Engineer: 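The structure follows.
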Amino acid sequence: MRYSMLVYITQMSGTLLEAARYLCAAPEDGLRAELLENGRQMLAQIRAVLEGHRADLRSEAPLAGLAELETLWERGGPELEARLEQFARELPGHAAYQVRAVFFAELGEKWDAMESVYEYMRDDPRFDPVVVRTPVGRVVERDGRREQEIIYRDFLTPMGVPSLGYEQYDIEADCPELAFISQPYESCTLEQFWPENIAKHTRLVYLPYFAPFSNYETAREALCEMPVYRHAWKTIGSSEKHYQYYRRYSANRGANMLVTGVPKWDPTVRLIDHPAELPEAWHSAVMGRKAILWNTFYDYNGSSLLYFDDIYSWFQAHDDCALIWRPHPMMGTVTKLYYPEQYYKRFCECISLIDHAPNMVVDRESSYQAAFSWSIAQISDLSSMMFQYLLLDKPVLYIKTDGRGKVNQSFFIDDCWMARANHAADIERFLERASQGIDDTAQIRKLVRQRDIPLADGFCGERVCESLWTFLHKEDNMICG
């Protein structure tokens, strides 16, 4: 039985209780007769639902109780009220029911934001999850022409996750009790998947696709003021610091945030004991070498791609090391649409150079887990992946660029544990030390993890599911079955 159906018949029982209280003192008139008849019809509706879901009943008690109520309804009196209260109170415990949840997923690179929540629901009989793939893209008007780049692919089947294409799913017909998104940007998705439109049909939950880490120029808009924060029934918070910031700047003063830790952390925490396999295509370049991960931001001028020649040359000269370059999944699209043609040409040249180098690979995997598992350190311009990498207790170099806002230290997650690079020489120095196994920030990393991300324990998805289950029942005045 669907949870919403159980709520429906339980609420009908509450309506009957109100009518029963009125009937106790109502005179014998036309209104009383109308109330009696309406009550008979409501009892008949409840019976139809219960009999239609007989296989979901744990015992015959609900049907037996309903038969008693049908008799008492004709007779009236205080016993009717007591039995109606008891029926409504005990019904959830006598029925097996499920909460239907739909996950709207568009990029494989962001599936980790939903993964542990989906897996927990998949394995818990109280939930009935379905995953729907949606397209994501960019559109730009340039030289009087409308250009767009759309990404829409099935990244879930290779992972063993069943899913539906967005054309196969109708949220209005399905009426799920919960819907999850991790894409807050309306400009990147179809209008039907905007938070406002999803929230018309169900309770919307926002699972952040990145773990909030530092305060930069656009942080308030990104973390508090986008439409998703107004329309979400619940938005998931990473820490008490995150909640206090959200409480200060969000439209509803933080009322819809659940602080459970972000589920995005869970897959990374699992890598500590269960590393990802090395992709077959990487074997010749990475196996037996000390690999270092390089992550670049989606905006060309805001990224560390300007140091490409220096980084490429260093790895050419150090055959015992390997480079795993993971560009932001939208970097190619954004560069192609928003920059002059020569920028995209340069980006493609860089890709080609890495592809043909014996000790370098471009990470085209949907998940970053292999890159995280097989690298000994990370270099990156400002990205949430650096803070995700903190969970693995490996060195990180922050390559400062002019394209991002300044970072304020000691915010959600302090960034004092990162090495810094302002010039190519700083990058080369870090690469030398990392390749030699020199780790200058191990102690401070430990302190920051303990202080700023105590909820990054691998159980964030479980806490999300249990919290949502509790809040659903609380909001609907239901006793958890």
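Here the structure is a predicted model, which means the values were calculated and not measured. Position 1 is the first residue of the sequence; numbering continues from there.
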Engineer: Taking R463 first and then D266, would you say they form a salt bridge - that is, a charged N and a carboxylate O separated by under 4.0 Å?
Structural biologist: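 Looking at D266 together with R463, the answer is no, because their closest N to O distance does not fall below 4.0 Å.
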Engineer: Are the ring centres of F347 and Y339 closer than 6.0 Å?
Structural biologist: no
Engineer: Determine, stepwise, if the pair D414 / K241 fulfils salt bridge (Lys or Arg N to Asp or Glu O under 4.0 Å).
Structural biologist: CA-CA 11 Å; D414 201 327; K241 285 184 179 180; over 6 Å; no
Engineer: Can you tell me if R445 uses its side chain to pair, donor with acceptor, with the backbone of W417 under 3.5 Å?
Structural biologist: no
Engineer: Centroid-to-centroid, Y206 to H231, below 6.0 Å?
Structural biologist: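 Centroid separation for Y206 and H231: 6.0 Å or greater.
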Engineer: Establish, from distance only, whether the side-chain atoms of S238 and W265 form a donor-acceptor pair under 3.5 Å.
Structural biologist: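 No, W265 and S238 have no side-chain donor paired with an acceptor closer than 3.5 Å.
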Engineer: In terms of ring plane angle, is the pair Y118 and F103 parallel, tilted or perpendicular, where the classes change at 30° and 60°?
Structural biologist: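 Plane angle over 60°, so perpendicular.
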Engineer: Side chains of N295 and Y368: donor-acceptor distance under 3.5 Å anywhere?
Structural biologist: no
Engineer: Is a salt bridge present between R346 and D309, judged by a nitrogen-to-oxygen distance below 4.0 Å?
Structural biologist: yes
Engineer: Do NZ/NE/NH1/NH2 and the carboxylate oxygens of D426 and K400 come within less than 4.0 Å?
Structural biologist: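 Salt bridge absent between D426 and K400.
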Engineer: Any idea how F127 and W469 line up, ring-wise: parallel (<30°), tilted (30 to 60°), or perpendicular (>60°)?
Structural biologist: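 If you compare the ring of F127 with that of W469, the planes turn out perpendicular.
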Engineer: I'd like to know if the side chain of Y389 pairs up with that of S380 as donor and acceptor (distance under 3.5 Å, no hydrogens or angles considered).
Structural biologist: no
Engineer: Assess the residue pair I427 and L397 against the criterion (side-chain contact (heavy atoms from CB on, under 4.5 Å)); give the C-alpha distance rounded to whole Å, side-chain angles, the decisive distance to 0.1 Å, and a yes or no.
Structural biologist: CA-CA 8 Å; I427 300 174; L397 175 72; 4.1 Å; yes
Engineer: Locate the shortest heavy-atom distance separating Y229 from N252; write the atom from each residue and the value.
Structural biologist: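 That would be O-ND2, 4.1 Å.
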Engineer: Take L455 and V259, measure what side-chain contact (heavy atoms from CB on, under 4.5 Å) needs, and give me the verdict at the end.
Structural biologist: CA-CA 9 Å; L455 293 174; V259 181; 4.0 Å; yes
Engineer: Tell me, with the steps shown, if K290 and D320 meet salt bridge (Lys or Arg N to Asp or Glu O under 4.0 Å).
Structural biologist: CA-CA 7 Å; K290 292 166 283 190; D320 61 326; 3.2 Å; yes
Engineer: Answer yes or no: is there an ion pair linking R2 with D128, defined by an N-O contact shorter than 4.0 Å?
Structural biologist: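 Not counted as a salt bridge, because no side-chain N and carboxylate O are separated by less than 4.0 Å.
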Engineer: Assess, by modelled atom type and distance only, whether the side chains of Y298 and Y338 contain a donor and an acceptor separated by less than 3.5 Å.
Structural biologist: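 Distance-only check fails for Y298 and Y338.
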Engineer: Do you see a donor-acceptor pair shorter than 3.5 Å between the side chains of E466 and Y120?
Structural biologist: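 A donor-acceptor contact under 3.5 Å links the two side chains.
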Engineer: For the residue pair A251 and R230, what are the closest heavy atoms and their distance?
Structural biologist: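 The pair with the smallest heavy-atom distance is CB-CG, 4.3 Å.
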Engineer: Under 4.0 Å between a Lys/Arg side-chain N and an Asp/Glu carboxylate O for D112 and R270?
Structural biologist: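 Not counted as a salt bridge, because no side-chain N and carboxylate O are separated by less than 4.0 Å.
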Engineer: Begin from the C-alpha positions of F210 and Q388 and carry the test side-chain contact (heavy atoms from CB on, under 4.5 Å) through to its verdict.
Structural biologist: CA-CA 9 Å; F210 69 95; Q388 194 84 355; over 6 Å; no
Engineer: May I ask you to check whether Y209 and H328 place their ring centers less than 6.0 Å from one another?
Structural biologist: no
Engineer: Is any NZ, NE, NH1 or NH2 atom of the basic residue among E106 and K110 found under 4.0 Å from an Asp or Glu carboxylate oxygen of the other?
Structural biologist: yes
Engineer: Do E475 and W233 pair up side chain to side chain, a donor and an acceptor below 3.5 Å, judged on atom types alone?
Structural biologist: yes
Engineer: Hydrogens and angles aside, do Q183 and T189 bring a side-chain donor and acceptor to less than 3.5 Å of each other?
Structural biologist: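 Side chains of Q183 and T189: no pair found under 3.5 Å.
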Engineer: Can you list the steps and then say if Y169 with V131 is a side-chain contact (heavy atoms from CB on, under 4.5 Å)?
Structural biologist: CA-CA 10 Å; Y169 183 78; V131 183; over 6 Å; no
